[in-house]
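Right, one structure below, let's go through it.
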Amino acid sequence: MARIVVVGAGVGGLATAARLAATGHEVTVFERADTVGGKLGRHVHDTSAGPFHFDTGPSLLTLPEVFADLFEATGAKLDEYLDLVPLEPIVRHVFPDGSTLDSCADPTEFAARIGAAFGDRAAADWQQLWRRAARVWAASSRDVLRRPIDSPRDLAALAWRLGDLAAIAPGRTLRGLSRRHLTDPRLRMLLDRYATYTGADPRRAPAALVAVPYAELTYGGWYLRGGLGTLADALLSRCLDLGVVVQTGTAVTRIDAAGGRVHGVRLDGVAKPVPADVVVANCDALTLYRDLLPSPRRLAGLTDRSLAGFVLLLGVTGSSGLAHHNVFFPGDHDAEFDAVFGDPGRGVRARPAPDPTVFVTVSDDPLVRPDGHEAWFVLVNAARQGTSTGAVDWRRPGLAEAYADRVLEVLAARGVDVRDRLLFREIRTPADLDASTGAPGGAIYGTAGGLLRPANRGPVHGLWLVGGSSHPGGGLPMVTLSAQIVATDIGAAA
């Protein structure tokens, strides 16, 4: 039985702690915030009409079997802790010309919807792309998502089938893939959107990310009754039942790693170090390598940061008639990406996108809003917090309020004007996410999307990385698979 310290109580940290405790290890989790969940955040806004509950992080759960596996591995059943509600549609897409497309988890039905909205040629194009996406998903789920990948050499050594390599198209971008297969600009816009779900620019993101829409639109999208934050509650409950010690409001300031192996961690305001045989870092890989190790280290790829998000939390009176998830696309998608990511090579600085894609979540759940009202989560892709060419200083006086006004204007121009029905609005910028979760710059996914992220095994013996900034990437199912990889690797090394 090893003494294990987990740094951070996000989904990855809690999932790893539960798996390790279930196999007999002594596990302690230290979390700098006062609550668990990390980027799976929650917020309550009290009003005279009643409380509004918001998920401030993920709003969609995909690949539910990943979570079922996690709970079964720790001696429980998923439905004992969580109430999963399938979404139909998964997402309603609203395009610049006013056309709409509702996605669903039935590939045949989705192709029929594409045909009805955009014509038979568009449907045939999508089905051709879908066959390719299926091959990419099969290869990545078999060879990449459930095993450690420590270096480019590990990727190259995998037993790729020739058909897999042809489908994955190393060196091709997601944008290039859409241009090859899709003739309708609205479908190209839809596919581009999935790169942003990994924090990346579709013009530079690898074509292999076509597996992301495949997973969502094949296995479905789900909501958790009471909000996605109930997943954090369930994981905390599972950890406590298994004997894990979870200390919130406790920041780890340093990992002791003299002589090439971990010895423990140091806590803010505590003189005596906490001994450990193993340390699992559920923090951004950049934070780990730059701030927590005794000798700061540089790792290729850590500076390729993902996009961030500008968020509005709205209390809205009345009913909007919107779907659970809604995406309102702009007229010029590339102008939005130029604004969000910048382009130092062309001298283009990042800035708040004047005409952004707007993502609106409206949960039809009486547990999260008073009767006669709706709780809106509004997300706009945004440059991370900072002063470099690829960042925006969101702390600049007046910027957040002015941009919030602009986002509401954009929604109104796209047919959804709620400005006269607002009970309240709250603003969350990338600077706020940085401060609340320790994510450098407020980058949602840490490093930008790609097949090769920081490895789960750290640079010193006994150190592992888990979470969205490390392999296999961001998003709730990937983070949970990251925990499975780490727990299995630790068990094999013990």
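- Side-chain contact between Trp464 and Ser470 is absent, with no heavy atoms from C-beta onward closer than 4.5 Å.
- Put simply, the side chain of Asp432 gets close to the backbone of Thr429: a donor and an acceptor are under 3.5 Å apart.
- In this structure, the separation between CZ on Arg419 and CG on Leu411 is 9.5 Å, given to the nearest 0.5 Å.
- When side chains are defined from C-beta on, Pro472 counts as touching Ile485, because their heavy atoms get closer than 4.5 Å.
- Judged by distance alone, the side chain of Thr361 and the main-chain N or O of His325 form no donor-acceptor pair under 3.5 Å.
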Report task. Tell me, with the steps shown, if Val85 and Trp222 meet side-chain contact (heavy atoms from CB on, under 4.5 Å). Result -> CA-CA 5 Å; Val85 180; Trp222 308 77; 6.0 Å; no
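- Contact record, Ser320 with Trp376: CB-CZ2, 3.6 Å, taken as the closest heavy-atom pair.
- The 12-atom threshold is not exceeded at CZ of Arg396, counting heavy atoms of other residues, nucleotides or ligands nearer than 6.0 Å.
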Report task. Apply side chain to side chain donor-acceptor pair (under 3.5 Å) to Gln247 and Thr28, showing your working. Result -> CA-CA 8 Å; Gln247 294 188 24; Thr28 301; over 6 Å; no
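- With values rounded to the nearest 0.5 angstrom, Arg204 atom CZ is found 7.0 Å from Phe341 atom CZ.
- Here the CG-CG distance, from Leu231 to Leu236, works out to 11.0 Å after rounding to the nearest 0.5 Å.
- Side chain of His461 to main chain of Gly259: no donor-acceptor pair is present (N/O by atom type, distance under 3.5 Å, no hydrogens or angles).
- With hydrogens and angles disregarded, no donor-acceptor distance shorter than 3.5 Å links the side chain of Tyr81 to the backbone of Ala76.
- Note that OG1 of Thr480 and CG of Leu235 are 7.0 Å apart. Values are rounded to the nearest 0.5 Å.
- Two residues are said to be in side-chain contact when any heavy atoms from C-beta on lie closer than 4.5 Å; Leu267 and Thr253 fail this criterion.
- Shortest non-hydrogen contact noted between Pro202 and Asp192 is CB-OD1, 3.4 Å.
- Between Val360 and Leu322, some side-chain heavy-atom pair lies under the 4.5 Å cut-off.
- Remark: side-chain polar atoms of Tyr223 are paired, donor with acceptor, to backbone N or O of Gly227 under 3.5 angstrom.
- Between the side chain of Thr287 and the main chain of Cys283, no donor-acceptor pair closer than 3.5 Å is present.
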Report task. Give the C-alpha distance, both sets of side-chain angles, the deciding distance and a yes or no for salt bridge (charged side-chain N to carboxylate O under 4.0 Å, His left out) between Arg406 and Glu409. Result -> CA-CA 5 Å; Arg406 176 58 188 160; Glu409 288 173 2; 3.3 Å; yes
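- The shortest heavy-atom contact between Ala483 and Gly12 is CB-O, 3.7 Å.
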**Report entry** Audit row: Leu20, Ile490, side-chain contact (heavy atoms from CB on, under 4.5 Å) steps and yes/no
**Finding:** CA-CA 8 Å; Leu20 291 171; Ile490 290 172; 4.0 Å; yes
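- Between Phe52 and His373, the two ring planes are perpendicular [angle over 60°; tilted spans 30° to 60°].
- Salt-bridge formation is not detected for the pair Asp338/Arg349: no Lys NZ or Arg NE/NH1/NH2 atom is positioned less than 4.0 Å from an Asp or Glu carboxylate oxygen.
- In terms of modelled atom types and a separation under 3.5 Å, the side chain of Lys77 and the main chain of Phe71 share no donor-acceptor contact.
- In this structure His324 satisfies the side-chain hydrogen bond (donor to acceptor under 3.5 Å, both in side chains) test with no other residue, sequence neighbours excluded.
- With hydrogens and angles disregarded, no donor-acceptor distance shorter than 3.5 Å links the side chain of Thr230 to the backbone of Gly226.
- Within the structure, salt bridge (charged side-chain N to carboxylate O under 4.0 Å, His left out) pairs that include any residue of residues 241-250 comprise Arg238-Asp241 (at least two apart or interchain).
- Under the 4.5 Å side-chain criterion, counting only non-hydrogen atoms from C-beta, Val7 is not in contact with Phe30.
- Residues Asp256 and Arg266 have side chains in contact (heavy-atom distance under 4.5 Å, counting atoms from C-beta outward).
- Using the six-membered ring where Trp is involved, Tyr197 and Phe359 have ring planes that are perpendicular, over 60° apart on the 30 and 60° scheme.
- Between Val244 and Ala21, the shortest heavy-atom distance links the atoms CG2-CB, 3.5 Å.
- Within a 6.0 Å radius of CZ in Arg261, more than 12 heavy atoms belonging to other residues, nucleotides or ligands are found.
- A salt bridge links Asp201 to Arg203: at least one charged side-chain nitrogen sits closer than 4.0 Å to a carboxylate oxygen.
- Between Leu422 atom CG and Leu408 atom CG the span is 6.0 Å, to the nearest 0.5 Å.
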Query raised in the report: Does the salt bridge (charged side-chain N to carboxylate O under 4.0 Å, His left out) test come out yes or no for Asp55 and Arg42, once each step is laid out?
Result: CA-CA 5 Å; Asp55 287 315; Arg42 288 167 287 182; 5.8 Å; no
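- Side-chain atoms of Thr250 and Glu31 include no donor-acceptor pair closer than 3.5 Å.
- Nearest heavy-atom pair across Ala308 and Arg384 is CB-CA, 3.7 Å.
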Requested in this report: Start with the C-alpha distance between Glu336 and Thr357, add both sets of side-chain angles, then the distance that settles side chain to side chain donor-acceptor pair (under 3.5 Å), and finish with yes or no.
Outcome: CA-CA 8 Å; Glu336 177 189 11; Thr357 300; 2.7 Å; yes
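- In the model, Glu216 has a side-chain atom that pairs as donor or acceptor with a side-chain atom of Tyr194 under 3.5 Å.
- Looking at Arg453, its side chain never comes within 3.5 Å of a backbone N or O of Ser469 through a donor-acceptor pair.
- Expressed to the nearest 0.5 Å, how far CD1 of Ile444 lies from CG of Asn381 amounts to 7.0 Å.
- Under 3.5 Å, the side chains of Asp393 and Gln385 contain a donor-acceptor pair of N or O atoms.
- Of the candidates Arg425, Arg369, Glu426, Glu426 is the only one forming a side-chain hydrogen bond (donor to acceptor under 3.5 Å, both in side chains) with His45.
- Remark: aromatic rings of Trp394 and Phe310 are close, center separation under 6.0 Å.
- For Asn456 (side chain) and Leu465 (main-chain N/O), a donor-acceptor pair under 3.5 Å exists by modelled atom type.
- In plain terms, the two heavy atoms of Asp277 and Val262 that are nearest each other are O-CG2, 3.5 Å.
- In this structure, Asp365 does not pair ionically with Arg225, as no charged nitrogen and carboxylate oxygen lie closer than 4.0 Å.
- By the neighbour-count criterion of 12 heavy atoms within 6.0 Å, atom CG of Asp46 is densely surrounded, having more than that number from other residues, nucleotides or ligands.
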Requested in this report: Apply side chain to side chain donor-acceptor pair (under 3.5 Å) to Arg428 and His43, showing your working.
Outcome: CA-CA 11 Å; Arg428 302 290 178 87; His43 177 68; 3.2 Å; yes
Query raised in the report: Between Ile427 and Glu401, is a side-chain contact (heavy atoms from CB on, under 4.5 Å) present by the stated rule, with each step listed?
Result: CA-CA 8 Å; Ile427 302 170; Glu401 290 289 344; 3.6 Å; yes
Requested in this report: Might you work through the side-chain contact (heavy atoms from CB on, under 4.5 Å) test for Phe377 and Leu312, ending with a clear yes or no?
Outcome: CA-CA 6 Å; Phe377 173 85; Leu312 299 180; over 6 Å; no
